[in-house]
Structures are given as structure tokens and as C-alpha cells.
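The structure under discussion appears below in the form of C-alpha cells.
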Amino acid sequence: MLLARHQTEFAAPDYDLAATLDSGQAFRWIRVGESWESVISGRWVTLRQEGETLHAGSNRSPGDWEWLRAYLRCNEDLGPIVDSFPADEAFVRALDACRGLRLLRQEPWECLASFICSSSKQIVQIRQIVSAMCARYGSVVGPADAVIHHSFPAPEVLAATSESELRECKMGYRAPYVLGSARMVAAGEIKLSGLGGLSCEEARKELMRLPGVGRKVADCVLLFAFGFQEAFPIDVWIDRGLRELYFPRRKPTRQRLANFTKSYFGPYAGYAQQYLFHYVRAIRTRENQ
DNA sequence: ATCCAGGACCACT
DNA sequence: AGTGGTCATGGA
């Protein structure tokens, strides 16, 4: 907070900042003491929670801070969302385990490029890849002595790199995917800014035209960047969790699982997904200790 | 050392 | 439409 020349605070009832920023939906938040640092849409920011108040700081003129409120979605009422969920025993446990965990509204390109890098990677490694990309291709936007101080490189910047350069960021076989997607976005073949006006299905179909973007990555971007709350990304954790909790004997295909979650969890299925994700991973962590 | 990670893609059935 | 192999890297 000492580095932040501009500061503000706002109410955030029923909000668990640490759980939210560390939940695997965003990969650029670093804990610094009691605060969290990152860069949102090119603006360096530091956050700290005290009870139901969020203290925010930035190093340049933050305007009305609306960009930060929109990102954190702290005025979203969790009540109707939680009430809409099924009350089966397993899911109630999942809910109880992570009250206050929120969905963010991230910048689409950063979210998209990050999740292209996420395939078959642990979250800690995704963070390393994204961090390397930003350090190499981003520009300095925060205090030089801050832990995080690079912007996320624009599609035009990444489009001008090469596959071998990108591989130096340790993204392996995902490098041509990042490069190809950056080029399509930079060339305007895909207009990310227009996806929010489409239906979830239409927007998903558009995203899946990009190399390295399948159903799961597309759903992550729809949920974490575009606010399609019915999107339900099914990764290896969710897949295992759903099978153990709801299909202990059968072995439904991914498509059948997707159909089930849509009808079972309803219009806010994406929130349910995030709670399940947190829950099954918390269980696994405990079992390994 | 071996397994596996917030998968996508291609070649086969 | 559904399965199996392959891809690169490094935590656990």
C-alpha cells in the first residue's frame, strides 16, 4: 500500500478476497504481506481486505475506480445465486467450504491467452508461464519496486513474436496456439469485444475457432471474462468430482456431463462450478498432508 | 523415478 | 460421435 499514491475503499459484503484471487481463475495475483498486487487492464493495483471493506490502491490516476469494481464484481448479490442451487448433501458441503468465493470479470484477451496456456498444466506453472510472457513482452506500468508491474502483452505484440521465442516462456507445445490466436485477434478475424452481445452458445462457437481453444478453455473465457454465468468449464478436477459425487457407477461422456450440469445447476452453473472446483481441490490437498 | 497437471488436436473406428 | 496417442515442461 505504501507504493500506492491513489487509494480508495468500498464495501464488499460476503466477499472472500483471498479465496477469490487465489482460486485459479486469474493467474497474476501475488500476495505481498496482507495485500494482493496485480495489473488489471494495464493498471497496477494493490488490494487489501478488512472485514467487509476492500482497500484499493494504484500508482496512477484511477478515475472513478469503476474498472476495479467491474473486475471484482463486489456489488453482485450472492443470495439469489446460492438460493438457485440444488440442496444435495455434497454440494451443500461445497458451498459451506467456500462462502465468499466470487467470480471475477477479467479482461478477455488476458483471460483467453492465459487459459490457452493452461492446458495440461498445474496452476503454479500457468502462473509461471503468464508471468514470463508479461515480463518479456509486457510494458512497465506499476512501481518499479512492486512485485508485479508489467501489463499483459496485447494481441498485436504477441502476434509479432515467433513460436520459438514464445517457447522460451516455457509454454511448450502451446506456443503455436498462443501465436495463432494472437494473430487472429490482432487481424480482427475474431472480435473479442463483440462476443458479449452474443448468446453463450454463439460466443463459444466463435472462441472455438481459435487454435488451442476447445470447449473447456472457451467455457473458462465465457465465465471468467464475459460473465456468461451458465458456462461450466469441465476440467480434470471437475470431471472427477462430478463422477464421484453424481455418477459413482456409470461413466458418462463429457457431453453427457455437460448436459447434466446445465440442467442440474441452472442459470448460475458457472458459480457452482467454481465452488466445486475449490471444494474437490481442497479435499485433495488435505488428503495429501 | 514416476505420475500427472483448470486440454487441444488429429487419426482412427 | 466416441476413444487413443501425442504434444512440452516441471511440481509433487
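In the text below, chain A, chain B and the rest are named by the order of the sequence lines, each starting its count at 1. In this text, all values refer to a predicted model and were calculated from it rather than measured experimentally.
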Could you go over nucleotides 6-8 of chain C and give all protein N or O partners under 3.5 Å, atom names and distances?
residue: C:dA8; atom: O4'; partner: A:Y173; partner atom: N; Å: 3.0

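Nearest heavy-atom pair, A:W109 versus A:A154, reported as atom, atom and distance to 0.1 Å: NE1-C, 3.7 Å. The two residues A:L104 and A:Q25 come nearest to each other via the heavy atoms N-OE1, 3.0 Å. Shortest non-hydrogen contact noted between A:A4 and A:T46 is CB-CG2, 3.9 Å. Nearest heavy-atom pair across A:K216 and A:D235 is CE-CB, 3.7 Å.
Rounded to an integer number of Å, the gap from A:R284 CZ to B:dC3 P is 15 Å. Following rounding to the nearest Å, A:L112 (CG) and B:dA8 (P) show an atom-to-atom distance of 12 Å. The separation between A:I123 atom CD1 and B:dC4 atom C1' is 14 Å, rounded to whole Å. If you take CD of A:Q255 and P of B:dG7, they are 18 Å apart, rounded to a whole angstrom. Atom CG in A:L257 sits roughly 12 Å away from atom P in C:dG2 (whole-Å rounding). When the C1' atom of C:dT9 is taken as reference, atom NZ of A:K170 falls 8 Å away, rounded to whole Å. One atom, CG of A:D239, and another, P of B:dC4, lie 14 Å apart when rounded to the nearest Å. If you measure from atom CD of A:Q125 to atom C1' of B:dC3, you get 13 Å, rounded to the nearest angstrom.
The side-chain heavy atoms of A:R69 and A:N75, taken from C-beta on, include no pair separated by under 4.5 Å.
Counted by atom type alone, A:E76 and A:Y271 present one or more donor-acceptor pairs between their side chains at under 3.5 Å. In the model, A:E107 has no side-chain atom that pairs as donor or acceptor with a side-chain atom of A:Y71 under 3.5 Å. Side chains of A:E202 and A:S199: a donor-acceptor N/O pair is present below 3.5 angstrom, by distance only.
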Could you pull out all donor-acceptor pairs under 3.5 Å where a side-chain atom in residues 89-96 of chain A meets a protein atom, sequence neighbours excluded?
residue: A:E89; atom: OE2; partner: A:R93; partner atom: NH1; Å: 3.3
residue: A:R93; atom: NE; partner: A:Y279; partner atom: OH; Å: 2.9

Contacts table for residues 178-196 of chain A: side-chain donor-acceptor under 3.5 angstrom, sequence neighbours left out:
residue: A:S181; atom: OG; partner: A:Y177; partner atom: O; Å: 3.2
residue: A:S181; atom: OG; partner: A:P211; partner atom: O; Å: 2.9
residue: A:R183; atom: NE; partner: A:A159; partner atom: O; Å: 3.2

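Comparing A:F27 and A:L210 by the nucleotide of DNA chain B that holds the closest heavy atom to each, the one mapping nearer the 5' end is A:F27. Checking A:G212 against A:I238, the closest nucleotide of DNA chain B that is more toward the 5' end is the one next to A:I238.
Minimum atom distance to the side chain of A:P211 is reached by B:dC9, of the listed B:dC9, B:dA8, B:dA5. Out of B:dG7, B:dA5, C:dG2, the shortest distance to the side chain of A:Q122 is found at B:dA5.
Look at A:Q128 and you'll find a side-chain N or O under 4.0 angstrom from OP1 or OP2 of C:dG11. A:R256 has no side-chain polar atom (N or O) that falls below the 4.0 Å cut-off from OP1 or OP2 of C:dA1.
In this structure, A:G214 reaches the sugar-phosphate backbone alone: every heavy-atom distance under 4.0 Å involves primed, P, OP1 or OP2 atoms, never a base. Within 4.0 Å of A:S23, counting heavy atoms only, lies at least one base atom of the nucleic acid. Using a 4.0 Å heavy-atom criterion, one finds that A:R254 contacts no nucleic acid atom at all.
Residues from residues 93-105 of chain A placing a heavy atom under 4.0 Å of any atom in DNA chain B do not occur. Listed by residue number, A:F224, A:P233 are the residues of residues 220-234 of chain A with a heavy-atom contact under 4.0 Å to DNA chain B.
Residue pairs meeting the side-chain hydrogen bond (donor to acceptor under 3.5 Å, both in side chains) criterion with at least one partner in residues 139-159 of chain A, sequence neighbours excluded, are A:S139-A:S151.
Using cut-offs of 30° and 60° for the angle between ring planes, the A:W67 and A:W65 rings count as parallel.
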